[in-house]
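This report refers to the structure that appears directly beneath it.
Computation of the quantities below employed the complete heavy-atom set of this structure, encompassing side-chain atoms and omitting hydrogens, waters and symmetry-equivalent molecules.
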Amino acid sequence: MAEDHVPCDSNDHASNMKGANDSLVVCFGEMLIDFVSTVAGVSLAEAPAFKKAPGGAPANVAVGISRLDGSSAFMGKLGDDEFGYMLSDILKQNNVDNSGVRFDSTARTALAFVTLKDDGEREFLFFRHPSADMLLRESELDINLLEQARIFHYGSISLISEPCRSSQFAAMRIAKKSGSILSYDPNLRLALWPSAEAAREGIMSIWDQADVIKEFKGWVPGVKVKPVDTTGAGDAFVGGMLSNLASNLNLFEDEKLLREALLFANACGAVTVTERGAIPALPTKDAVLKLLGTLSLNS
């Protein structure tokens, strides 16, 4: 089953003219360090070692878009620590605009330990008590960057606590007012919410404001590969879709182009699962086209 995107009101946005960089995707939310188990099929407690990898769903999407030769920026808060500055540098190294990144001296950069269990599901252990990304204030938002966005992409993790929750609401309002398409990734992580009911209420609280929502709905051709680590696969898919949408806001009105974009996005996810970690495994456009070319030869 493939991840599909549901658009609304795209024609209204298509007529809106942005600046010189009219395909910019601004991604808002968390960026962290994933410590990924070097061995699959074991619990976190049983993992013999972990590989350090940059991650965080919104940041993954930003880097994914840039690797696909798109234009992206990341907006969020990191700790005023070595991990925080390392992550900011990784954005820059991947040609992601990091001018919206802020640093907090009172909280650390978030960490997550990840392993792939025998049943194929991932197990997470987060260290956010609180982490810097949770402390982004509305006054720290880069308004100019938000107003430049053709697409403003965000998740649900930033909705869990204040002040980041209010900051996300404000960023959404600014982007929407400037004519941006709002792209929402519900990204359920129950362990981070006080309860399942709180998660449902929080995630649904902004559902109707989005123009594009990452959902599990519908079927399109898949891409078969041998998976090593599924971390970041969904984010790679989203990056592939948003990079196509940023280039053509009428994408959802043409079924042929939409199916091609979905296959491209599936290939982005497929390449990603062949390596460990999220950002380190995100593919270049050439790598995706190479995989799709292989499929064409074998069909």
Any side-chain heavy atom of L182 within less than 4.5 Å of one from H153?
-> no

How long is the gap from CG on L249 to CD1 on I181, to the nearest 0.5 Å?
-> 4.5 Å

Is there a side chain to side chain contact (heavy atoms under 4.5 Å, CB included) between Y154 and S158 once you walk through the steps?
-> CA-CA 8 Å; Y154 50 90; S158 299; over 6 Å; no

What closest approach, in Å, do A59 and M31 show between heavy atoms, and which atom pair accounts for it?
-> CB-CG, 3.5 Å

Counting N and O atoms only, with roles assigned by atom type, does the side chain of N244 sit under 3.5 Å from a partner on the main chain of G240, one being a donor and the other an acceptor?
-> yes

Closest heavy-atom pair and its distance - A57, D185 | CB-OD2, 4.3 Å

Is the side chain of D142 donor-acceptor paired with the backbone N or O of L145 at a distance under 3.5 Å, no angle test?
-> yes

Please answer whether the main-chain N or O of T109 pairs with a side-chain N or O of D81 as donor and acceptor at a distance below 3.5 Å.
-> yes

Nearest heavy-atom contact between G76 and L136 is CA-CD2, 4.3 Å

Of the non-hydrogen atoms in L68 and P283, which two are nearest, and what is the gap between them?
-> CD2-O, 3.9 Å

Determine the minimum heavy-atom distance between L32 and A112, stating which atoms define it.
-> CD1-CB, 4.2 Å

CZ (R165) with more than 12 external heavy atoms under 6.0 Å | yes

Donor-acceptor contact below 3.5 Å, side chain T294 vs main chain K290 = yes

What's the verdict on side chain to side chain contact (heavy atoms under 4.5 Å, CB included) for I151 and V212, showing C-alpha distance, side-chain angles and the deciding distance?
-> CA-CA 10 Å; I151 299 174; V212 178; over 6 Å; no

Could you please spell out the steps behind the salt bridge (charged side-chain N to carboxylate O under 4.0 Å, His left out) verdict for K176 and D211?
-> CA-CA 10 Å; K176 188 74 170 182; D211 301 299; 3.0 Å; yes

Reported NZ-to-CG distance for the pair K52 and D34, which is rounded to 0.5 angstrom = 12.5 Å

Just how far is it from atom SG of C164 to atom CZ of F28, taken to the nearest 0.5 Å?
-> 4.5 Å

Without swapping roles, check the side chain of T274 against the backbone of V271 for a donor-acceptor pair under 3.5 Å.
-> yes

State plainly whether one hydrophobic cluster holds both L111 and L135, where clusters connect Ile, Leu, Val, Met, Phe, Trp and Tyr through side-chain heavy atoms under 4.5 angstrom apart.
-> no

Can you tell me how far CZ of F103 sits from CG of L87, rounded to the nearest 0.5 angstrom?
-> 8.5 Å

Between the side chains of Y85 and D80, is a donor N or O closer than 3.5 angstrom to an acceptor N or O?
-> yes

Are I160 and M172 in one and the same hydrophobic cluster, where Ile, Leu, Val, Met, Phe, Trp and Tyr link if side-chain heavy atoms are under 4.5 Å apart?
-> yes

Side chain to side chain contact (heavy atoms under 4.5 Å, CB included) evaluation trace for K51 with F35 = CA-CA 5 Å; K51 177 184 177 182; F35 287 89; over 6 Å; no

Same hydrophobic cluster for L125 and V36, using side-chain heavy-atom links shorter than 4.5 Å among ILVMFWY?
-> no

Check the surroundings of atom CD1 in I143: do more than 12 heavy atoms from other residues, nucleotides or ligands lie under 6.0 Å from it?
-> no

F124 ring centre to R189 NZ or CZ under 6.0 Å, with the angle to the axis within 45°?
-> yes

Would you say S247's side chain and S243's backbone share a donor-acceptor pair under 3.5 angstrom?
-> yes

Separation between CG (L24) and SG (C27), nearest 0.5 Å, reads 8.5 Å

Scan side-chain atoms only and decide if S66 and N94 contain a donor-acceptor pair under the 3.5 Å cut-off.
-> no

Evaluate side-chain hydrogen bond (donor to acceptor under 3.5 Å, both in side chains) for S131 paired with D133, printing each intermediate quantity in order.
-> CA-CA 6 Å; S131 52; D133 60 286; 2.5 Å; yes

Donor-acceptor under 3.5 Å (R67 side chain, L282 main chain) = yes

Kindly indicate, with the supporting measurements, whether the criterion side chain to side chain contact (heavy atoms under 4.5 Å, CB included) is fulfilled by D254 and L251.
-> CA-CA 6 Å; D254 186 318; L251 177 67; over 6 Å; no

Is the ring centre of F127 less than 6.0 Å from the ring centre of F113?
-> yes

E197, CD: over 12 other non-hydrogen atoms inside 6.0 angstrom = yes

Sub-4.5 Å side-chain heavy-atom contact between S161 and P130 = no

Side chains of D97 and S99: is there a donor and an acceptor less than 3.5 Å apart?
-> yes

Is K77 paired with D104 through a side-chain N to carboxylate O contact shorter than 4.0 Å?
-> yes

Is a side-chain N or O of R150 found less than 3.5 angstrom from the main chain of A246, in a donor-acceptor match?
-> yes

Okay, side chain of S205, backbone of G202: is any donor-acceptor separation there less than 3.5 Å?
-> yes

Joint cluster assignment, V61 & I90, ILVMFWY side-chain distance < 4.5 Å = no

Whether S37 side chain and A40 backbone form a donor-acceptor pair below 3.5 Å = no

For the residue pair F264 and L292, establish whether any side-chain heavy-atom pair is separated by less than 4.5 Å.
-> yes

Any chain of hydrophobic side-chain contacts (each under 4.5 Å) joining L245 to I65?
-> yes

Grab the two heavy atoms, one from A149 and one from V26, that are nearest each other, plus how far apart they are.
-> CB-CG2, 3.5 Å

Distance-only side-chain donor-acceptor flag, S156 / N187, under 3.5 Å = no

Spacing of S167 atom OG and R137 atom CZ [to the nearest 0.5 Å] | 8.5 Å

